[in-house]
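A short write-up of the structure that comes next.
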Amino acid sequence: MKLNENYSNLKESYLFSTIAKKVNEFSHNNPDKKIIRLGIGDVTLPLCKAVIDALQKAVAEMGVQTTFRGYGPEQGYDFLKNAIKDYYKERDVELDPNEIFISDGAKSDLGNILDLFDTDNTVLVPDPVYPVYVDTNIMDGRNIIYINANEANDFLPEPDENIKADIIYICSPNNPTGAVYTKEGLKKWVDYALKNNAVIIYDAAYESFITDANLPHSIYEIEGGKDCAIEFCSFSKIAGFTGTRCGYTVVPFNLGKLNKMWLRRQTTKFNGVPYIVQRGAAAVFTKEGRKEIEENLEYYRENAKIISDTLDECGIKYYGGKFSPYIWLKCPNNMTSWEFFDYLLTNIQVVGTPGEGFGRNGEGYFRLTSFGSKENTIEAMKRFKNLLNK
Ligand code: MLT
């Protein structure tokens with residue numbers, strides 16, 4: 001038996017597990033302190049009524065002989081794939097339902113998709129970046145090239161013709177920086193991918209936070225996008241499914257063998273998302289569902305505004321927070337990102353995410369999320385202002 005030694009090249013634990021461990025230790029030693037968590041991007045509002053109604057109806061169906069369901073199609077039920085197809089159509093993106101695959105979340109599929117690619121490929125990731133892209137490639141032993149995302153390029157790096165990559169990761173609105181590519185910005189990446197025969201792994205998990213009609217929600221809004229990109233999306237952020245688990249992956253037919261390979265992979269290694277959950281997900285796209293999730297998204301956008309306003313008052317530079325639940329701020333007084341993490345946890349019991357956890361260029365930055373409750377966000381910012389304006 002030989003171990004996959006690539007695992008020894010990973011950091012000891014996943015970023016958010018490391019943070020949870022530190023916070024639990026602090027909480028254990030300071031049981032009287034109220035900790036406010038604005039670290040991991042986990043939602044706090046409950047599922048909306050339309051989703052709950054659909055889930056309950058589906059549960060009832062499962063208890064009746066004639067409507068009970070066993071194994072479903074591994075790639076998802078048509079009712080959900082068609083609802084997603086219609087959602088894309090609103091932005092003039094035409095998808096075939098067989099290009100859509102329902103998953104248990106974007107994170108899983110972002111890792112699973114690598115089954116389709118040889119370990120010999122070179123991977124291009126922006127730095128800072130959602131750690132899953134890097135870790136899953138380290139696990140396979142792929143060569144990773146980093147491209148700088150920094151203040152000089154507003155955290156939206158452009159392709160460099162001198163770099164040859166086969167697999168390119170793009171997340172927009174970006175985790176962790178909240179930066180959003182324009183259509184023109186994305187077109188440069190599409191052109192680069194087509195020229196280099198590369199594939200773009202496009203993470204659109206936060207698309208629902210975009211409110212500017214000119215900004216793209218999907219890479220398929222860009223000419224040529226369907227010829228070079230696989231898109232990943234999630235019900236976690238749009239509709240609070242972080243604990244319910246559902247997402248989808250789009251593998252266009254134009255990508256040659258990849259659509260069939262993904263179907264082969266999924267039918268072999270995956271048994272599909274539960275019928276009940278898929279019914280809940282489909283309700284997100286109904287008239288009532290859309291109205292209710294929009295109210296929830298607005299609630300988180302207002303939280304982002306509370307955070308941004310506080311940072312403005314404290315004179316702290318930040319990015320994101322406008323079309324994204326993440327606010328990416330510069331640590332004050334030249335603190336490192338982990339120093340700032342400890343400073344906030346120890347003094348005001350507010351938890352954020354140290355930028356260094358997202359890559360070397362994240363050093364000196366810190367991420368806050370707007371997914372907390374309004375009360376907690378207001379309280380956290382009150383504490384923050386008192387501490388920083390001292
Ligand atoms: C984050 O905090 O970066 C996200 O919650 C991670 C995820 O969605 O897996």
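For this chain, numbers begin at 1 and follow the sequence in order. Order of appearance sets the numbers: ligands from 1, and atoms from 1 within every ligand.
- For R301, the salt bridge (charged side-chain N to carboxylate O under 4.0 Å, His left out) test picks out E294, E298, with sequence neighbours left out.
- Under 4.0 angstrom from ligand 1, there are no non-hydrogen atoms of T353.
- Every residue two or more places apart in sequence or in another chain that forms a side chain to side chain contact (heavy atoms under 4.5 Å, CB included) with D212 is listed here: N214, L215, F323.
- Applying the 4.0 Å criterion to heavy atoms of F16 picks out, from ligand 1, the atoms 1 (C), 2 (O), 3 (O).
- Near K237, the atoms of ligand 1 lying under 4.0 angstrom from a non-hydrogen atom of the residue are 4 (C), 5 (O), 7 (C), 8 (O).
- Counting heavy atoms closer than 4.0 Å to ligand 1, residue Y326 contributes side-chain atoms (C-beta onward) but none from N, CA, C or O.
- Figure legend: R265 and F101 shown without cation-pi pairing, the cationic atom not lying both under 6.0 angstrom from the six-membered ring centre and within 45 degrees of its axis.
- With hydrogens and angles left out, the side-chain atoms of T242 and D42 include a donor and acceptor closer than 3.5 Å.
- Considering backbone and side-chain atoms together, I40 places no N or O closer than 3.5 Å to any N or O of ligand 1.
- For R367, a nitrogen or oxygen atom sits less than 3.5 Å from a nitrogen or oxygen atom of ligand 1, counting backbone and side chain alike.
- Looking only at protein heavy atoms, the nearest one to atom 7 (C) of ligand 1 is Y130 OH, 3.2 Å.
- For the 3.5 Å distance criterion, the side chains of N174 and Y319 fail to qualify, holding no donor opposite an acceptor.
- In the displayed structure, R91 atom CZ is contacted under 6.0 Å by more than 12 heavy atoms of other residues, nucleotides or ligands.
- For ligand 1, the atoms lying closer than 4.0 Å to a non-hydrogen atom of N175 are 1 (C), 3 (O).
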